[in-house]
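Here the structure comes first, spelled out in structure tokens, and everything after it is commentary.
Not measured: the values here are computed from a predicted model.
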Amino acid sequence: MLTADRAVETLVEKFAVTCSNEYSLKTDRSSEIIDYVLGTTDKFPDMMGNSSHYVYQTIDLLMKLAKKDDGDIFYRAGAIVIYLESNYSKRNSWRTDAFTVCMGNDSEAYGLSGKSKSADRMDGLLSRLEKIKQFAGENEILTELKSKLKRAQWLFDSKRLTPRGIIEM
């Protein structure tokens, strides 16, 4: 399937080659990835889930793809990275993960005095979750939510309040 934008196709090709190489240098899966991401086929690439510790370049290209295309192509690419990312790679708080990229900037907390750029950002988040569910599956969403809750509980449990109300670690 050819898209109207050749720049998107070129970016998808780079994404596929990089994703395939970061997954395994022995077998080239880039053509399977391209076919899936562009919607030529609905057959998910033959790759093991939760297996890639280092998907830095793939995430970088996914973020670039997000700027060019916010449709099915982006979410199909995101589904592949969400599926491949290992729990080890998600442990680093400084690192951006594919689920966060797919959810977009509106999924981040603004703080107590923060203002949303849109009147109702929940509609946008809901449509993004539906796209993630469509291409990555409900289990990936549930796993991500459980992981975030577990991390929040760990952070809460690791802090104590002093009599003055100061948080100590």
Side-chain angles (χ1 to χ4, degrees), residues 1-110 116-118 121-145 147-148:
M1 176 176 133
L2 291 176
T3 63
D5 191 353
R6 182 64 187 142
V8 171
E9 289 179 28
T10 303
L11 197 51
V12 168
E13 289 168 7
K14 285 182 186 177
F15 170 85
V17 169
T18 302
C19 183
S20 178
N21 288 341
E22 285 188 330
Y23 177 73
S24 169
L25 290 173
K26 291 183 181 179
T27 306
D28 181 21
R29 292 177 175 80
S30 60
S31 61
E32 286 180 61
I33 295 169
I34 290 170
D35 289 344
Y36 179 74
V37 171
L38 291 178
T40 306
T41 182
D42 285 333
K43 184 183 180 295
F44 202 81
D46 186 26
M47 304 166 106
M48 288 186 346
N50 296 324
S51 58
S52 292
H53 295 321
Y54 309 105
V55 289
Y56 307 113
Q57 294 173 332
T58 305
I59 289 283
D60 185 49
L61 288 168
L62 182 64
M63 292 184 335
K64 289 179 182 176
L65 188 58
K67 293 176 184 174
K68 298 258 185 211
D69 181 275
D70 197 25
D72 287 358
I73 290 174
F74 168 67
Y75 288 102
R76 284 173 174 265
I80 291 172
V81 185
I82 289 170
Y83 179 73
L84 290 179
E85 278 183 311
S86 69
N87 291 331
Y88 173 81
S89 69
K90 293 178 185 176
R91 285 193 306 194
N92 302 318
S93 61
W94 49 266
R95 195 179 156 282
T96 303
D97 62 292
F99 190 87
T100 303
V101 173
C102 288
M103 287 303 294
N105 293 335
D106 279 341
S107 67
E108 296 178 16
Y110 290 121
S116 177
K117 293 178 184 169
S118 63
R121 68 183 189 153
M122 288 301 139
D123 285 341
L125 291 174
L126 182 60
S127 68
R128 287 177 172 273
L129 276 173
E130 288 170 351
K131 285 289 190 181
I132 293 171
K133 180 182 174 186
Q134 178 183 354
F135 295 113
E138 189 173 326
N139 190 45
E140 295 293 342
I141 294 171
L142 293 174
T143 301
E144 184 67 25
L145 292 176
S147 170
K148 299 249 188 229

Check: Can you name the nearest heavy-atom pair linking Ala98 to Ile59, along with the distance?
Finding: N-CD1, 3.5 Å
Next item on the list: Let me see the working for Asp46 and Glu32 under side-chain contact (heavy atoms from CB on, under 4.5 Å), right down to the final yes or no.
Entry: CA-CA 8 Å; Asp46 186 26; Glu32 286 180 61; 3.7 Å; yes
Checklist line | Backbone N/O of Val17 and side chain of Ser20: donor-acceptor pair under 3.5 Å | finding: no
Check: How long is the span from the CZ atom in Phe135 to the CD1 atom in Ile80, to the nearest 0.5 Å?
Finding: 11.0 Å
Next item on the list: Show your working on side-chain contact (heavy atoms from CB on, under 4.5 Å) between Lys68 and Phe74 and close with a plain yes or no.
Entry: CA-CA 9 Å; Lys68 298 258 185 211; Phe74 168 67; over 6 Å; no
Checklist line | Stepwise side-chain hydrogen bond (donor to acceptor under 3.5 Å, both in side chains) test for Glu22 and Thr58 | finding: CA-CA 8 Å; Glu22 285 188 330; Thr58 305; 2.5 Å; yes
Item checked: Beyond-backbone contact of Asp69 with Asp5, side-chain heavy atoms, under 4.5 angstrom -> no
Next item on the list: To the nearest 0.5 Å, tell me how far Lys131 NZ sits from Met103 CE.
Entry: 14.0 Å
Next item on the list: With sequence neighbours left out, write down each residue that passes ring-ring contact (aromatic ring centres under 6.0 Å, His included) with Phe44, or none if nothing qualifies.
Entry: Tyr36, Tyr83
Check: Could you state the interatomic distance from CG (Asn21) to OG1 (Thr27), rounded to the nearest 0.5 Å?
Finding: 11.0 Å
Next item on the list: Find out whether Asp97 and Glu144 are in side-chain contact, i.e. whether some heavy atom of one side chain is under 4.5 Å from a heavy atom of the other.
Entry: yes
Checklist line | Over 12 foreign heavy atoms within 6.0 Å of CD, Gln134 | finding: yes
Note to self: If I take atom CG from residue Asp28 and atom CD1 from residue Ile33, how far apart are they, to the nearest 0.5 angstrom?
What the structure shows: 8.0 Å
Check: Can you tell if the side chain of Tyr23 reaches within under 4.5 Å of the side chain of Met48, non-hydrogen atoms only?
Finding: yes
Notebook entry, point to check: So do the side chains of Phe99 and Ile141 get within less than 4.5 Å of each other, counting heavy atoms only?
Noted result: yes
Check: Can you find a heavy atom in the side chain of Glu13 that is under 4.5 Å from one in the side chain of Leu38?
Finding: no
Notebook entry, point to check: Would you call Asn139 and Thr143 a side-chain contact if the rule is heavy atoms closer than 4.5 Å?
Noted result: yes
Check: Hey, are Asp70 and Arg128 close enough for a salt bridge, meaning a charged N less than 4.0 Å from a carboxylate O?
Finding: yes
Item checked: Distance in Å, Ile34 CD1 paired with Thr41 OG1, rounded so as to fall on 0.5 Å steps -> 13.5 Å
Note to self: So Ile73 and Arg76, do their side chains get closer than 4.5 Å, heavy atoms only?
What the structure shows: no
Notebook entry, point to check: Should Lys133 and Glu130 count as an ion pair when the cut-off is N to O under 4.0 Å?
Noted result: no
Note to self: Atom NZ of residue position Lys43 - does it have more than 12 heavy atoms of other residues, nucleotides or ligands inside 6.0 Å?
What the structure shows: yes
Next item on the list: Report the distance from atom OH of Tyr75 to atom CG of Leu65, rounding to the nearest 0.5 Å.
Entry: 11.0 Å
